[in-house]
2 protein chains.
Amino acid sequence: MQELLSQITIKVNEDLFIKNPDSSKLGRRIISNSIELIEEIGFEAFNFKKLGKRIGSPECTIYRYFENKQKVLLYLTSWYWSWLEYKMVFATANISDSHLKLSKAIEVLTETVEQDLSFSHINEFLLNRIVISESVKSFFTREVDSDNEAGVFKVYKRIVQRVSDMILTINKDFEYPHMLVSIVIEGSHQQRHFADHLPALTDIIEGKGGISDFFNRMVFKTIDVS
Amino acid sequence: MQELLSQITIKVNEDLFIKNPDSSKLGRRIISNSIELIEEIGFEAFNFKKLGKRIGSPECTIYRYFENKQKVLLYLTSWYWSWLEYKMVFATANISDSHLKLSKAIEVLTETVEQDLSFSHINEFLLNRIVISESVKSFFTREVDSDNEAGVFKVYKRIVQRVSDMILTINKDFEYPHMLVSIVIEGSHQQRHFADHLPALTDIIEGKGGISDFFNRMVFKTIDVS
DNA sequence: CTTTATTGATAGTAATACTATTATTTTTGT
DNA sequence: ACAAAAATAATAGTATTACTATCAATAAAG
């Protein structure tokens, strides 16, 4: 997979940047350092001044790439979902058994991510951690409707649709496939966050498995396959 | 219930305020206007200057009640969870059938809220909307650990524990009760938000029912009761 | 090797989040 | 009813944040 992916560039919605960060060395430095910095200090404390200091450029230079820090987060999460869609499609391709296929998809969506060296300037391991603890902020804002209209959530929605279709293949009468899938995706993030910070709200232990198993069970039971 | 509740004051964790807003007319005005203002303009745009203007007091006066706007949000959500715990305990009291009891609890947790006149200065309908669209921000912050240590999430955790116990009464071997309950609570909020803003991620239609039914089904199927 | 695009240096503005000081009003105890 | 104490208002001020403008320096492209 590594060789294959190294030939591929992930294209992110053009509304999210002013100048494509993938088009220059500085742009890629902005991305890789954003990931590290957000992961270190959290999105609230993250700003272009600190990022500029880290990469040795004034903040106005970063403003030539991104309108504001919210767009950076949207860029990162959009990139992540495109990357994960690719992984999911790859992992489920040519599986004829529909149960196994769905199970594999759920695993990709709920497991944590290891470092992937295909995209040198993006640390997928850290990006996964950012998505877990910060991405929810990108759709609980007042801009959600305009962002959505601009197509920012297109890939995310496509992932949900893909897995929904797998569910409908197994049970064509199930009425809530999108709901179930978005609960799996967001729920798995939330449970990992809880495991780290509010263990009373979960039953999984940090570092140990269990998340994928749980969601697999939940999905198959709920769509009623005996 | 109205008469009973009117005798009761909901006590909120003392770490959340400097001066108890429930102890003065101005304090109660701060609370009721915070609810209205946050619901109107969103938590991001909400600040003490705007709130002060609205209630005709300078911002420094509000700072004598609350350290910052995050504490106001935590105060409101804490209040909400205490209120909802009360409603839930009341709605499930004296039900001996454990299935019915759990079902009733899920309904209280996932249904939207009507205006309740028991607490004159708090608009529970608006507060429920705030909890749906803003409360997630209170545990996805860098302060989550210290807030948790201060006991801010105590009532929320107790609700999860109560419903977990109901689940264990039905199936004592179920391994993930807390996880399932927190997914139900947060999931129902998220799905309502999606219905409003990202309908492709859900199957429910705004205003129509379905949420409670879905989560009821999901829970009973997942804990494996035939 | 000159034109054009990109980046850096410097500076500045408006808004936000919060604090300090003192005057005024309200509440409380007697 | 009145003095003492507490709460609130008025005013002002600081540090940080988010963002913009201008122009010089550097790098890239034709």
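Since the model is a prediction, treat every value here as computed from it, not as a measurement. Order of the sequence lines sets the chain letters (A, B, ...), proteins ahead of strands, with each chain counted from 1.
- Taking only side-chain atoms of B/Cys60, from C-beta outward, the nucleotide of D/dA18, D/dA10, C/dT16 with the closest atom is D/dA10.
- Put simply, A/Thr61 has a side-chain N or O that comes within less than 4.0 Å of OP1 or OP2 on C/dG8.
- Using a 4.0 Å heavy-atom cutoff across all strands shown, B/Lys19 reaches sugar-phosphate atoms only and no base atom.
- As a whole-Å value, the separation of B/Asn20 CG from D/dA7 P is 12 Å.
- Take the nearest nucleotide of DNA chain D for A/Lys49 and for A/Arg64: the residue whose nucleotide is more 5' is A/Lys49.
- No contact: B/Phe46 has no heavy atom under 4.0 Å from any strand.
- Distance from the side chain of B/Leu26 is smallest to D/dT8 among D/dT8, C/dG8, C/dC18.
- The side chain of A/Ser57 places an N or O atom within less than 4.0 Å of a non-bridging phosphate oxygen (OP1 or OP2) of C/dG8.
- As rounded to whole Å, 21 Å separates atom P of D/dA7 from atom CD of B/Glu59.
- Distance A/Ile18 CD1 to D/dC19 P: 10 Å, rounded to the nearest Å.
- Atom CG of B/Leu51 is separated from atom C1' of C/dA17 by 14 Å (rounded to the nearest Å).
- Under a 3.5 Å cut-off, the side chain of B/Lys50 and the backbone N or O of B/Leu37 do not form any donor-acceptor pair.
- If you take CD1 of A/Ile62 and C1' of C/dG8, they are 12 Å apart, rounded to a whole angstrom.
- A/Glu134 contributes a side-chain N or O that, together with a main-chain N or O of A/Phe43, makes up a donor-acceptor pair within less than 3.5 Å.
- Between C/dT10, D/dC19, D/dT8, one nucleotide has an atom nearer to the side chain of B/Tyr65 than all others, and that is D/dT8.
- Rounded to whole angstrom, the span from the CD atom of B/Glu44 across to the C1' atom of C/dT16 amounts to 14 Å.
- Atoms CG and CD1, on A/Asp196 and A/Ile132 in that order, are 8.5 Å from each other to the nearest 0.5 Å.
- Taking the six-membered ring where the residue is Trp, the centroids of A/Phe214 and B/Tyr176 are separated by under 6.0 Å.
- Distance CG (B/Asn68) to P (C/dC18): 5 Å, rounded to an integer number of Å.
- Rounded to whole Å, atom P of C/dA15 lies 12 Å from atom NZ of B/Lys53.
- Side-chain nitrogen and oxygen atoms of B/Asn47 include at least one within less than 4.0 Å of the OP1 or OP2 phosphate oxygen of C/dA17.
- If you check every strand for non-hydrogen atoms under 4.0 Å, A/Phe66 touches nothing.
- Side-chain contact, B/Lys157 with B/Asn148: a donor N or O sits under 3.5 Å from an acceptor N or O.
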